[in-house]
Amino acid sequence: MAEDSKIFEENKNWDRRLEKEAEKKVNSLKWTFSPSSEKKIFSIDTPPPYTSGRPWHLGAAAQYSKIDAIARSQRMLGKEVLFPVGMDRNGIPVERYAEKKYDIKMRDTPRDKFIDLCRESLDELEKEMFEILRSFAYSADFENVYRTDSVEYRTLTQSTFIEMWKKGKIIRGTRPSNYCIDCGTTIADAEIEYKEMDTNLVYFYFNIKGSDKKILVASTRPELLGACSAILVNPEDERFRDLINKTAITPIYNKEVKIIAHSYAKAEFGSGAVMICSYGDYNDVMIIKELKLPENIIIDTNGRMNENAGEKLKGLKVKEARKEIISMLQEAGYVEKIENIQHRTPMCERSKTPIEIIPLDEYYLKVTDIKDKLEELANELTMIPEQHKQILINWLKVSTDWPISRRRYYGTEIPLWYCTKCNEPYIPEEGRYYQPWKEKPPQNAVCTKCGGREFIGDDRTFDTWMDSSVSALYVTKYLSDKDFYEKTYPLSLRTQGIDIIRTWLNYSILRCYLLTDKLPWEKAWIDGMGLDEHGEKMSKSKGNGIDPTIVIDKYGADAFRFWAASEALPGSNFLFSESRMQGSAKFLTKLWNVARLINQFGKSEDINEAELNESDKWIIAYTEKLTEECRKGYEGLNPFIPANKIREFVWNVFAPHYIELVKARAYGENFSENEKKAAIYTLNYVLNRILLLIAPVTPFITQTLWDVLYGKESIHYQRIPESKKYDDAILLLGDKLMEFNSKIWNSKKEKKLSLRDEIKIEIPQDLKPFEKDLKSMHNIIN
RNA sequence: GGGCCUAUGGUCUAGUGGUUAUGACGUCUGCCUUACACGCAGAAGGCCGGGAGUUCGAACCUCCCUGGGCCCACCA
């Protein structure tokens, strides 16, 4: 032991350097799940982090460190823990990352080549992610990492899609999409940039049916007049009060449209009346959906007006059509004025031309028919904290069928082909990974409708949530291992951030329910967001993301983890703060020095309770109470409680009161050998327990201290003991004891005495059992 | 703009009908007391965002307002 203690002689503080030394040990522990274990199973569906983020935000790392504390605590509470780690690798972010990195454009690059470049980027980025996770001792099963773009994972995504297709859950429909006419393709929201453009705001009249009144409308898109399906006015707007619910007549087209009161129309903009067209912008999409207005498409995918636009406009490009309709309106005397305004226009960031919103044929997963059931499931799910459930419930009420097809490259392919004769879809069997854009359908494929044998593959991919929403099925081996699945599904827990309730949580419940008839987990643990020091969400676009590696190198991983656990209750947002991170580091040094001191005294064999002094009994009772509280915290998946309780105990009770009380006794000054033994026994009893209780939060320092002081086997393989019964009366007495200590310190201070100086003071009757320790602590003479 | 969440000493945070309202960081004062100056002891600092209501009683329940956050949507 003397050898081990060298670390204490050489280091007065806990720091990152010592952590690095412990890292080998801490990270060499294996956490492979054993399904045949006798222990109760605790399984966690953790978010596979998205691989393209660099640097990974501190907020995200903090969340993962809390999840890790939960996994570790469950192990130490005696559970067999399934704690998988995955990487989410599909979708637009990596496509855009690769475009930037290699200075290429997705649609100008052969798909095969582009996919390879994405994969290369992902492999590099992934390495970095793993390094960060390991740097703070994330204890998932790294020997069985899953990736959402692997053949196995994509097979699951496709097979479960096929299963749902067969159950009739997949439907076709049109969906207004961002369409770049110049590029001839849909583009993602992320590929849109908004630009202030000069444009004309045209004021023109609609006649009111059965009246000689008129209504003045202002529009930047008059060419969409033929697609106008309503006019909105603000319900508060006096000018239009008597026109609400009247019918207006579209100039030129002579179609009837309703005038509807809706808060979207702003009285101060334009004329106060706005025409809703399919589709001028996304507001039109929302309003048409909300008010169930008819859709009338007048722009085709070539960017030209179609027959619905009328003979004069048909075939014209959008800009030409705008000019033409303005002069038509002017000729007919409908135009009141034309204003030149700056208009924020959505542009394709690639072609720099305005995008159009055009309905395209897409696949949907049916949601609307089971909304009641989903709400029921949501209510069954235990949510931590419970208040966040409202976000899910509210979303379920307004959610619609989920569009699942995407016109992208790096994603799981939609496993469908179409008959070249009759266009009927052909769906293959489950159990294989299909790439219809470059593969022929299975050999025996025959069109179910016309018997045709020629097919063309669907070249689309799925929305990436189609992949991640079956993570609960992947990690429980839904397709590949029946026994494993039966044992682990539904999982015990889903952990995730509040920002993806509407997506990941919602879609996971939906898909897993459709496939298994059950909720995928018993509980969902929803964390808040990591915000910067000003309280704003960290994000790359704002540039306020903080690199966790820098913080960890500076303050240490345990300090980082302790900060994350102690800063806020799960579910609350937490602000990054260097000073509080530093505070956590200070606490670890405090703990380190408590251990250094206790280590000096050596060990004592177990002793009878009868041999303990009153102070010893008190601090042991306190420790049992602390154990009870911490266990409750961990059982409730709330590391905030143990982190704060332990800090308070160590810093405000154990160190200043108990240790000071028994220091002299432990040194053996003026005490019997038995009394000395009792002190040393108790000091170690308490320290041992503190280490066990805080180990899930701070794995490095506890590993190091445990090795030196107590352990052959790693602390992380130990159990947190059940708390023993304790006597409340002695705790109350202990409170008085601490008050008395303060009183003495105060009075020494008043008398300008040093803490070592003698003092004459009466020890209260009820504190007599502590008399000997008190006298030596304060140097009391009478 | 819509929905939801939230508001506690300078900063962050616990508390959720009756407590002298918790703790941390910071500040101030005095101390290197054989573990720690990343420390010890002491102190100052809060009309629990504003207004109204429910109640014998509200930081805690209800409503309105204001600020902040998240998600969605973004100006005809």
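Order of the sequence lines fixes the chain letters, A, B, ..., with proteins taken first and strands second; residue numbering starts at 1 for each chain.
Dashed line: the shortest gap from a side-chain N or O of A:Lys389 to OP1 or OP2 of B:rC4 is not under 4.0 Å. A close approach under 4.0 Å does not occur between any side-chain nitrogen or oxygen of A:Lys748 and OP1 or OP2 of B:rC31. Residue A:Asn573 places no side-chain N or O under 4.0 Å from the OP1 or OP2 atom of B:rC12. In terms of phosphate contacts, A:Trp563 brings no side-chain nitrogen or oxygen within less than 4.0 Å of OP1 or OP2 of B:rA24.
Looking at heavy-atom distances under 4.0 Å, A:Gly272 makes contact with a base. Residue contacts shown for A:Leu755 include a base, since a base heavy atom lies under 4.0 Å away. Residue-level contact check: A:Glu567 touches the backbone only, with heavy atoms under 4.0 Å from sugar-phosphate atoms and none from bases. Residue contacts for A:Asn13: at a heavy-atom cut-off of 4.0 Å it reaches a base atom on one of the strands shown. A:Gln582 comes within 4.0 angstrom of nothing in the nucleic acid, heavy atoms only. Contacts of A:Ile659 with the nucleic acid, taken as non-hydrogen atoms under 4.0 Å apart, include base atoms. When heavy atoms are screened at a 4.0 angstrom cut-off, A:Glu669 is found touching base atoms of the nucleic acid. The residue A:Lys749 sits close to a base: some heavy atom pair falls under 4.0 Å. Within the 4.0 angstrom heavy-atom criterion, only backbone atoms of the sugar-phosphate kind lie near A:Asn652; the bases stay farther away. Within 4.0 Å of A:Phe587, counting heavy atoms only, lies no atom of the nucleic acid at all. Residue-level contact check: A:Thr220 touches the backbone only, with heavy atoms under 4.0 Å from sugar-phosphate atoms and none from bases. Within 4.0 Å (heavy atoms only), A:Ser566 reaches no atom of the nucleic acid at all. Within 4.0 Å of A:Ala595, counting heavy atoms only, lies no atom of the nucleic acid at all.
Rounded to whole Å, the distance from CG on A:Leu569 to P on B:rG23 is 17 Å. Taking atom CG on A:Leu201 and atom P on B:rC75, their separation rounds to 14 Å, with Å as the unit. Here the P atom of nucleotide B:rC75 and the OH atom of A:Tyr279 are 17 Å apart, to the nearest Å. Between the CH2 atom of A:Trp465 and the C1' atom of B:rC71 there is a distance of 12 Å, given to the nearest Å. Atoms CE (A:Met581) and P (B:rU13) sit 14 Å apart, rounded to a whole Å. Residue A:Leu575 contributes atom CG, which lies 6 Å from atom P of B:rU13 at whole-angstrom precision. Rounded to a whole Å, the CG atom of A:Asn593 is 7 Å from the P atom of B:rA37. Note: NE2 (A:His657) to P (B:rC40) measures 11 Å, nearest angstrom.
On the P atoms, B:rA41 is 32 Å away from B:rG49, given to the nearest whole Å. Comparing the C1' positions of B:rC70 and B:rC63 gives an interatomic distance of 24 Å, to the nearest angstrom. When the C1' atom is compared between B:rG69 and B:rU54, the two are found 30 Å apart, to the nearest whole Å. Only the C1' atoms considered, B:rA14 is 26 Å distant from B:rC40, to the nearest whole Å. Taking atom P in both B:rC36 and B:rG45, one finds a spacing of 34 Å when rounded to whole Å. If you take atom C1' in B:rC47 and the same atom in B:rC72, they sit 39 Å apart, rounded to whole Å. Nucleotides B:rC12 and B:rG68 place their P atoms 14 Å apart, quoted to the nearest Å. Between the C1' atoms of B:rG57 and B:rU13, the separation comes to 27 Å (whole Å).
Using a 30° and 60° split on the angle between ring planes, A:Trp745 and A:His657 fall in the tilted class, from 30° to 60°. Between A:His778 and A:Phe740, the ring-plane angle classifies as perpendicular under the 30° and 60° cut-offs.
Here B:rU19 sits opposite no nucleotide as a Watson-Crick or G-U wobble pair (both hydrogen-bonding atom distances under 3.5 Å). Across all strands shown, B:rA43 forms a Watson-Crick or G-U wobble pair with B:rU27, both key distances being under 3.5 Å.
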Run the numbers on A:Cys228 and A:Phe206 for side-chain contact (heavy atoms from CB on, under 4.5 Å), then give the verdict. CA-CA 11 Å; A:Cys228 176; A:Phe206 283 54; 4.2 Å; yes

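A:Lys66 forms a cation-pi arrangement with A:Phe574, by the criterion of a distance under 6.0 Å to the ring centre and an angle within 45° of the ring axis. Within the cation-pi definition used here (under 6.0 Å to the ring centroid, within 45° of the axis), A:Lys676 does not qualify as a partner of A:Phe671.
At a cut-off of 3.5 angstrom, counting only N and O atoms as typed in the model, there is no donor on one side facing an acceptor on the other between the side-chain of A:Lys663 and the base of B:rU34. No hydrogens or angles were tested; on distance alone, nothing pairs the side chain of A:Ser579 with the base of B:rC25 as donor and acceptor under 3.5 Å. The base of B:rC36 is not paired with the side chain of A:Lys12 by any donor and acceptor separated by under 3.5 Å.
Between A:Trp651 and A:Asp284, the residue anchored closer to the 5' end of RNA chain B is A:Trp651, taking for each the nucleotide with the nearest heavy atom. Between A:Ala568 and A:Ala218, the residue anchored nearer the 5' end of RNA chain B, judged by the nucleotide with its closest heavy atom, is A:Ala568.
Heavy atoms from other residues, nucleotides or ligands lying under 6.0 Å from NZ of A:Lys645 number 12 at most.
Residue A:Arg580 places its side chain closer to B:rC12 than to any other of B:rG42, B:rG15, B:rC12. The side chain of A:Asp499 lies closest to B:rC70 when the candidates are B:rU34, B:rC70, B:rG3. Set against B:rC25, B:rG23, B:rU13, the side chain of A:Lys586 has B:rC25 as its closest nucleotide.
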